[in-house]
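Just so it is clear, the model here is predicted, and its values are computed rather than measured. Order of listing sets the numbers, starting from 1, for every ligand and every atom in it.
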Amino acid sequence: MEKGKKNIVLIGFMGCGKTTLGKKTASRLGYHFIDTDRIIEQEQGCSVSHLFQTKGEPYFRQLEQNTARKISSLSGQVIATGGGMIKSKATMDFLSQNGIIVYLKATPEHIYRNIGEDKSRPLLQVDDKMKKIRILMAERIPVYEQYAQVTVNIAGGTVNQITDRILDALEGKL
Ligand code: S3P
């Protein structure tokens, strides 16, 4: 583990590209990439959807907090968070300990295009997905903005171009 290198913590709504852009950012910087949803799934041996169905959302949020605590001592990581991790201040405090918080900003229309038909997001398994996206985003955008140390707009451009934007925005901060 490369001590001293800050982590890059990607926050933002479901489907804004935290995983795809996180992997690309990590490979460009020579950092490791981790995804909190995948860590939880590996540790629990089942999918996030299954956890929501069988144990409920508060249980999942506690697992997110435990994961944030465990990874807070790492360095040199690009961390893709679950879109709801900002709901817990304790979780965000852990992620902020050695991390720069980067908010990937997207419009509801963009999110719908990316994940409107996706079955793996338990919170979006409703009839009117666009309405649910708008409601959740209205609640969460102020919280994403509150934690953001760096904000990157993901509208327009290829994965490589948006990654360039992330790296430019981080210049001098790592
Ligand atoms: C959630 C986002 C998901 C996942 C879970 C809950 C949320 O992660 O953690 O379905 O509350 O926004 P992604 O942001 O990677 O989709």
Examine the proximity of ligand 1 to [X] and report which part, side chain or backbone, both or neither, has a heavy atom under 4.0 Å away.
X: Lys87; result: neither
X: Glu57; result: neither
X: Leu123; result: side chain

What is the closest protein heavy atom to [atom], and at what distance does it sit?
atom: atom 10 (O) of ligand 1; answer: Pro122 CD, 3.4 Å
atom: atom 16 (O) of ligand 1; answer: Arg121 NE, 2.8 Å
atom: atom 12 (O) of ligand 1; answer: Arg140 NH1, 2.6 Å
atom: atom 6 (C) of ligand 1; answer: Phe52 CZ, 3.9 Å
atom: atom 3 (C) of ligand 1; answer: Asp37 OD2, 3.6 Å
atom: atom 5 (C) of ligand 1; answer: Val48 CG1, 3.7 Å

At a 4.0 Å threshold, what atoms of ligand 1 neighbour a non-hydrogen atom of Gly82?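 In order of numbering, the contacting atoms are 8 (O), 9 (O), 14 (O).
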Phe60 heavy atoms, cut-off 4.0 Å: which ligand 1 atoms fall inside?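 Those atoms are 9 (O).
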Can you check which of Arg38, Lys18, Glu64, Arg61 brings a heavy atom nearest to atom 11 (O) of ligand 1?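 Among Arg38, Lys18, Glu64, Arg61, the closest heavy atom to atom 11 (O) of ligand 1 belongs to Arg61.
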Hey, looking at atom 7 (C) of ligand 1, which of Gly84, Ser47, Ser49 has the closest heavy atom?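 It is Gly84 whose heavy atom sits nearest to atom 7 (C) of ligand 1.
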How close do Asn114 and Gly15 get, heavy atom to heavy atom, and via which atoms?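 Result for this residue pair: ND2-O, 2.7 Å.
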Considering all heavy atoms of both residues, which atom of Lys5 and which atom of Gly30 are nearest to each other, and what is their separation?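 Smallest interatomic distance, heavy atoms only, reads NZ-O, 4.5 Å.
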Sequence neighbours excluded, which residues qualify as side chain to side chain contact (heavy atoms under 4.5 Å, CB included) partners of Glu41?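 For Glu41 the side chain to side chain contact (heavy atoms under 4.5 Å, CB included) partners, ignoring immediate neighbours, are Arg38, Ser47, Val48.
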Sequence neighbours excluded, which residues qualify as side chain to side chain contact (heavy atoms under 4.5 Å, CB included) partners of Arg61?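 Expected list: Phe52, Glu57, Glu64, Lys87, Leu123, Arg140.
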Yes or no on side chain to side chain contact (heavy atoms under 4.5 Å, CB included) for Ile86 and Phe13, after CA distance, side-chain angles and deciding distance? CA-CA 10 Å; Ile86 44 93; Phe13 203 77; over 6 Å; no
Indicate if Val159 and Leu167 have the same hydrophobic cluster label, given that clusters are the connected sets of ILVMFWY residues with side-chain heavy-atom separations under 4.5 angstrom.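 Both belong to a single hydrophobic cluster.
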Quick check: does Gly15 get an N/O under 3.5 Å from an N/O on ligand 1?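 No, Gly15 has no N/O under 3.5 Å of an N/O on ligand 1.
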Check: Phe94 and Met85 side chains under 4.5 Å, non-hydrogen atoms: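 No, their side chains stay 4.5 Å or more apart.
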For Thr158 and Asn160, which I'm curious about, is there any donor-acceptor pair between the side chains at under 3.5 Å?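 Thr158 vs Asn160: no donor-acceptor pair found between side chains.
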No-hydrogen, no-angle side-chain donor-acceptor test under 3.5 Å, Gln97 and Asp93: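 Side-chain D/A pair, Gln97 to Asp93: absent.
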